[in-house]
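Keep in mind the model is a prediction, meaning the values are calculated, not measured. Just so we're on the same page: letters track the sequence lines, and every chain starts at 1.
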There are 2 protein chains.
Amino acid sequence: MTCVTTAAAEPADEPAAPPHPAGEGTEEKPRRARGEQTRQLILETALRLFRERGYTETTMRAIAKEAGVAVGNAYYYFDSKEHLIQGFYDRNQLAHRVAAEPVLANEKDFAARLRGVLHAGIDVNVPYHSFAATFFKSAAEPSSPLSPFSRESSPAREAAIAIFRDVVDGSSAKLDPELRKELPELLWLSWMGVVLFWVYDRSPDQRRTRRLIDGIVPLVDRLVGLSRLRVLRPALRQVLALIDTIRRD
Amino acid sequence: MTCVTTAAAEPADEPAAPPHPAGEGTEEKPRRARGEQTRQLILETALRLFRERGYTETTMRAIAKEAGVAVGNAYYYFDSKEHLIQGFYDRNQLAHRVAAEPVLANEKDFAARLRGVLHAGIDVNVPYHSFAATFFKSAAEPSSPLSPFSRESSPAREAAIAIFRDVVDGSSAKLDPELRKELPELLWLSWMGVVLFWVYDRSPDQRRTRRLIDGIVPLVDRLVGLSRLRVLRPALRQVLALIDTIRRD
DNA sequence: GACACCATTTGAACGTGTTCAAGAAGGGCT
DNA sequence: AGCCCTTCTTGAACACGTTCAAATGGTGTC
């Protein structure tokens, strides 16, 4: 209950930068530090065990024991076992951004940018493919805070969409201004589709997903290019109108 | 608690035909009957409780008690609580077929057929929207037998695709023969997308889903119509090639 | 009738995620 | 110092899904 606020308040920066700027003294504990430290300890331990044993096989008792705390303590910081995944979620979001940076900085071609970003997204997730399925199961429940469409995931979702906005804005492609406005979100949605495919992908090294990306990017590129074609104008308007209709409830 | 009757007797539309290995020397009557009856009783009771209280809120103990059997007995017939959903799955599949029948029989226009089938699919699911979300959660796990892509769901999946094959075959639309071959499966995939949208749809009476259908059907119709256009031929080939590539692992 | 066999049924027991009432650990105040 | 208040920590207890060795019961065989 109480930890909901703390958890949801600053989820973005916990993976990389610890909130310890300078005063590294042991006595410098302004009330917050002790709790935050425990929180991090539990999260780190949990993610490590998830990686080592898988999600379902890792029990809350094991996490607590390994972290050297009581099981109830974990529930003081995290509402449920599933909420521990949120940490994984945020961390990978950030890793995706970092991995996509080179392509976004150097490449101008739309297709190349999109392709790079999609592959980068898969790259950072590869180590977790085995238990991503279970994790995905949790995310699939609409009422779950882990759902990519949920309010709680809103920051992470916005951050993800921002990457695709970058893909569009930094590209040399010329396209319909109205489409340009909607494209980032549409690309993000496609990305969710790719992730869905990836989760289900049982081929070695998930190479089918790689091929899906390589195949679908030129298609999207072509479609986007064709968007200025006269014959397709009405269809484009139709799509945009539909999106608008659905969005306004 | 000998409630043998009402629950089991009412719905005679059980899709599972009794196994008739005709040609075996054994007597066909008594041995199997008792077990099958219990199995049905448990399934009926479970589905009723799911409808009344929701999936998560219905405990296996409650199902067993209500059915007048021991918990272990339910596990003799069903591997897990999730496996009980498979019954729900099959039943709705059949209901979809039935509900779509009138449209498929009377309508010739492709768009109208597709629209009718999609709305019919939502219609039969409406009563279960509240717990469909939880049920969907189970189906989302790739390893789960409930996954629409799993081997266990193969029959139900084929049956569903068959509906869309009917949509295509019975329509007056003229389209590329290669596309025609793939279209049923593509439409089924779109249907899965619509269901996904529906599960997440929180608008009253899920009216956003209805609008999504009404909006997307003309689009698909248009796209299918355009498929014979010269400019789009290469793109179409590209799509079909991609599907082929992915399919062959 | 007696026995064996196998499908069926039982309910206690196990391990799990989660809750909760109680306490410990400090820091700020008088 | 003494007290209060918030933050943090504890571990037993609960309800659930699931398992399993044992009991039951009907059917075929001798």
Side-chain angles (χ1 to χ4, degrees), chain A residues 1-7 9 26-43 45-46 49-50 53-85 134-135 137-138 141 144-146, chain B residues 1-2 4 19 24-43 45-46 49-50 53-85 134-135 137-138 141 144-146:
Chain A
M1 302 255 212
T2 26
C3 54
V4 167
T5 43
T6 31
T26 9
E27 53 185 299
E28 185 65 345
K29 284 178 181 173
R31 193 75 170 222
R32 255 302 195 276
R34 189 162 51 103
E36 194 56 31
Q37 196 170 327
T38 310
R39 189 194 150 83
Q40 291 301 327
L41 173 62
I42 293 170
L43 180 58
T45 310
L49 292 186
F50 288 167
R53 318 179 183 175
Y55 178 75
T56 327
E57 289 72 24
T58 304
T59 71
M60 290 300 280
R61 285 170 178 80
I63 296 173
K65 189 173 182 181
E66 192 83 359
V69 299
V71 58
N73 204 3
Y75 281 92
Y76 180 77
Y77 291 103
F78 300 92
D79 281 355
S80 71
K81 187 183 177 187
E82 291 192 353
H83 275 76
L84 283 165
I85 301 180
T134 323
F135 142 73
K137 178 182 173 180
S138 302
E141 183 157 35
S144 164
L146 287 162
Chain B
M1 293 286 176
T2 34
V4 200
E24 288 275 356
T26 53
E27 295 290 315
E28 50 100 16
K29 180 207 52 165
R31 197 65 172 229
R32 274 282 189 271
R34 189 161 53 102
E36 193 57 33
Q37 194 172 327
T38 310
R39 190 194 153 82
Q40 291 302 325
L41 172 63
I42 292 169
L43 181 57
T45 308
L49 291 185
F50 288 167
R53 318 179 182 175
Y55 179 75
T56 328
E57 289 71 23
T58 304
T59 70
M60 290 300 280
R61 285 170 178 80
I63 295 173
K65 189 174 181 183
E66 193 82 2
V69 299
V71 240
N73 204 4
Y75 282 92
Y76 180 75
Y77 290 103
F78 299 92
D79 283 352
S80 71
K81 188 183 177 187
E82 292 191 353
H83 275 75
L84 283 165
I85 300 180
T134 323
F135 142 73
K137 177 182 174 178
S138 303
E141 183 157 34
S144 164
L146 288 163

Considering non-hydrogen atoms only, spot the tightest contact between B:Ile42 and B:Ala74 and give its length. CD1-CA, 3.8 Å
Rounded off to whole Å, could you give me the OH-to-P distance for the B:Tyr76 and D:dT24 pair? 17 Å
By ring pair (Phe, Tyr, Trp, His ring centres under 6.0 Å), which residues pair with B:Tyr77, not counting sequence neighbours? none
Quick test: give all pairs of protein nitrogen or oxygen and nucleotides 19-24 of chain C nitrogen or oxygen below 3.5 Å, distance rounded to 0.1 Å.
none

CD1 on A:Ile85 to OH on A:Tyr55, rounded to 0.5 Å: 4.0 Å
From CD of B:Gln37 across to C1' of C:dA7 the rounded distance in Å is 15 Å
Please walk me through it: do A:Lys65 and A:Arg61 pass side-chain contact (heavy atoms from CB on, under 4.5 Å)? CA-CA 6 Å; A:Lys65 189 173 182 181; A:Arg61 285 170 178 80; over 6 Å; no
To the nearest 10°, give me the bend of the helix from C:dG1-D:dC30 to C:dT30-D:dA1, comparing the axes of its five terminal pairs at either end. 30°
Tell me whether B:Lys81 forms a cation-pi arrangement with B:Tyr75, defined as NZ or CZ under 6.0 Å from the six-membered ring centre and within 45 degrees of its axis. no
Provide, to the nearest angstrom, the distance between the NZ atom belonging to B:Lys81 and the P atom belonging to D:dA15. 16 Å
Please enumerate all residues that pass side-chain hydrogen bond (donor to acceptor under 3.5 Å, both in side chains) together with B:Thr59, with sequence neighbours excluded. none
Output all residues satisfying salt bridge (Lys or Arg N to Asp or Glu O under 4.0 Å) with B:Glu57, sequence neighbours left out; order by chain, then residue number. none
Could you check how far CG of A:Leu41 sits from P of D:dC8, rounded to whole Å? 14 Å
Closest non-hydrogen atom pair, A:Thr58 against A:Leu49: OG1-O, 3.2 Å
Under 4.0 Å between a side-chain N or O of A:Ser80 and OP1 or OP2 of C:dG17? no
Any side-chain N or O of A:Thr38 below 4.0 angstrom from OP1/OP2 of D:dT9? yes
Here the residues of residues 54-64 of chain A within 4.0 Å heavy-atom distance, strictly under, of DNA chain C are A:Thr58, A:Thr59, A:Met60, A:Arg61
Rounding to a whole Å, what distance do you find between B:Ile42:CD1 and C:dT10:C1'? 12 Å
Nucleotide D:dT7, atom C1' - distance to CD of A:Glu36 in whole Å: 13 Å
Any idea which heavy atoms bring B:Leu41 and B:Ala67 closest together, and the distance? CD2-O, 3.4 Å
Interatomic distance, B:Phe78 CZ vs D:dT19 P [rounded to whole Å]: 15 Å
On the ring face of B:Tyr76, is B:Arg39 found with NZ or CZ under 6.0 Å from the centre and within 45° of the axis? no
A:Ile63 and A:Leu84: which non-hydrogen atoms are nearest, and at how many Å? CD1-CD1, 4.0 Å
